[in-house]
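Accompanying notes for the structure given below.
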Amino acid sequence: MLKKFLPGPLKYLLAVFYVATKCFLRGMPIKEIRLNLAGTLPPIGSDKIVHGGKVKLLHLREKFGDTWKKFNVAYFVSSGLPFAPSIWIKIYRWFGIKVVWNQNGTAYKAWAGNKADEINSLMKPMHGADYVIYQTEFTKRCSDKFLGKFQGPSEVLINPVDTKKFVPPTVPLSLEPFIVIMSGHHFESKERLRVSLEAMRELRKKGEKTKLIIIGNTQELPNEEWIEVVGKFNQEDAPALYHKAHVMLHLKILDPCPTFVLEALSCGLPVVGLMNGGMPELVGNRAGILIPAVEDFEQFRYPTPVQVANALLETKNNLQEFSKNARNQTLKFDKEIWLKRHEEIFNKLLK
C-alpha cells in the first residue's frame with residue numbers, strides 16, 4: 001500500500017530492484033515449461049475475486065503453475081498488468097526469459113475521451129514481447145490501429161471457457177417468466193442501461209411476463225418488481241447464476257472478448273448483442289441475435305429499445321434451437337484447446 005505514496009522515480013527504481021532480484025534468485029531454468037504470471041494473480045486460496053481479462057490466467061496457473069523458481073516463460077495480460085510492465089519485460093528478456101503478451105482491448109475516444117492515448121501508452125510494452133496473442137481478430141485490428149503493428153510472431157486465440165464446468169441446466173426453465181440476464185459491470189454509458197431497461201419494458205407492453213437479472217450493477221435502478229440485482233460472485237457460483245436465465249443481453253459497444261458471454265453460451269444461453277467488436281466471432285450467426293451496429297470509435301451508437309425487444313422476442317420464440325447452437329458454439333473455445341495451443345507456443349519459444 002505504501003507504493004501509492006512514493007514519488008514516480010522511486011517507484012520505478014523499486015520495480016527494477018524487485019524484478020531483477022526475483023530473476024537473479026530464480027535459479028537455473030530447466031527445459032520444461034516453468035511459467036511466471038508477473039505477480040498479477042492473488043494467492044491460491046484467496047477469497048479475492050478474479051474477473052475480466054485475468055480469468056484466463058487461472059486456467060494457465062492450473063495447467064502450468066505460477067512460480068518464481070526456475071521459470072523460463074513470463075505471461076502478461078494487457079488488462080491486468082503489473083506496475084511499469086516495460087521494466088519487467090526488459091529485465092526478463094535480459095535474463096533470457098521468454099515473454100508472451102496477451103492483448104485485450106484498447107482505448108478509443110468514444111469511451112476514454114482525451115485519456116485514450118494515455119491508456120494505450122500503458123500497453124505499448126507489448127512490442128517488447130517475444131510473442132503476442134490477440135483475443136479476437138477485432139482486438140488485433142484495434143491493436144494495429146492504436147498501439148502499432150507488432151513485428152514479431154503473433155496469432156489470434158479467442159479466450160477460453162471451461163465447457164465441463166459451464167454446462168446447460170439439467171432441468172430447463174419454464175418460459176414464464178422469460179428471464180434475461182445482463183452484466184452491470186463497467187457501464188460505458190448510462191445510455192446502455194436505459195436502452196436495456198426500455199427494451200424489457202417494450203416486451204412487457206406486448207404482454208410478455210419478463211424478469212431482468214443485472215449482475216453487479218452499482219448505479220441507481222428503478223424500484224420495479226421485475227428487476228433483480230446480483231452482487232459480486234466468484235467463478236464457482238457463476239454456472240448456477242446463468243442457469244437462472246433464458247437469454248443473455250449484452251449491448252456493450254465494441255466489446256473485444258467478454259468472458260461472461262462465453263460462459264453464458266456454454267451454459268446454453270443464447271446472446272442478444274451488437275454486430276460489432278469481437279461479438280460476431282464469439283456468437284456467430286446461430287447462437288443468438290446480433291443487432292446491426294457500425295464500428296465507430298468516435299461515439300457510441302445504440303440500437304433502439306424496440307430493436308432490442310424484437311431480438312429478445314425472436315430469441316424466445318426459437319429458444320430451443322438457439323440454446324443448442326449456443327452450447328455447440330463454445331465447444332471450439334474449450335479451455336483444453338486453448339491450453340494445448342499455449343503449450344505449443346511455449347515449447348516453440350523455448351527451443
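FYI, the numbering just counts along the sequence from 1. The model shown is predicted, which means the values in this text are computed figures rather than measured ones. All values below come from the heavy atoms of this structure, side chains included, with hydrogens, waters and symmetry mates left out.
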[X] side chain to [Y] side chain, donor-acceptor N/O pair below 3.5 angstrom:
X	Y	answer
K98	N72	no
E298	Y108	no
H250	D255	yes
Y75	N36	no
D334	T163	yes
E336	W338	no

Pair [X] + [Y]: basic N to acidic O under 4.0 Å:
X	Y	value
K324	E321	no
K211	E225	no
E344	R341	yes

Backbone N or O of [Y] within a donor-acceptor pair of the [X] side chain at under 3.5 Å?
X	Y	answer
N120	A107	yes
S46	P42	no
W94	A20	no
R26	F71	yes
R34	P29	no

(message) Can you confirm whether or not the ring centre of F150 sits under 6.0 Å from the ring centre of Y134?
(response)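 No: the rings miss the under 6.0 Å criterion.
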
(message) Ring centres under 6.0 Å, that's the criterion: do Y12 and F83 meet it?
(response)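 Yes, the ring centres sit under 6.0 Å apart.
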
(request) Show the numbers, then the answer: is there a side-chain contact (heavy atoms from CB on, under 4.5 Å) between I158 and Q135? (result) CA-CA 5 Å; I158 288 176; Q135 56 181 359; over 6 Å; no

(request) Please say which of V50, D66, L41 ends up in a side-chain contact (heavy atoms from CB on, under 4.5 Å) with L57. (result)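 Only match with L57 under side-chain contact (heavy atoms from CB on, under 4.5 Å): L41.
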
(request) Each residue besides V167 in its hydrophobic cluster should be listed here, by chain and number; the cluster joins Ile, Leu, Val, Met, Phe, Trp and Tyr at side-chain heavy-atom distances under 4.5 Å. (result)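 Joined to V167, directly or through intermediates: none.
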
(request) Could you walk me through whether F146 and F297 pass the side-chain contact (heavy atoms from CB on, under 4.5 Å) test, one step at a time? (result) CA-CA 11 Å; F146 296 111; F297 295 102; 4.0 Å; yes

(message) Go through it in stages, so that I can follow the logic: the residues are R201 and E224, the test is salt bridge (charged side-chain N to carboxylate O under 4.0 Å, His left out), and I'd like the CA-CA distance, side-chain angles, deciding distance and then a yes or no.
(response) CA-CA 11 Å; R201 292 191 179 103; E224 301 190 44; 2.7 Å; yes

(message) Test side-chain contact (heavy atoms from CB on, under 4.5 Å) on F138 and C257; report intermediate values, then the result.
(response) CA-CA 9 Å; F138 169 74; C257 190; over 6 Å; no

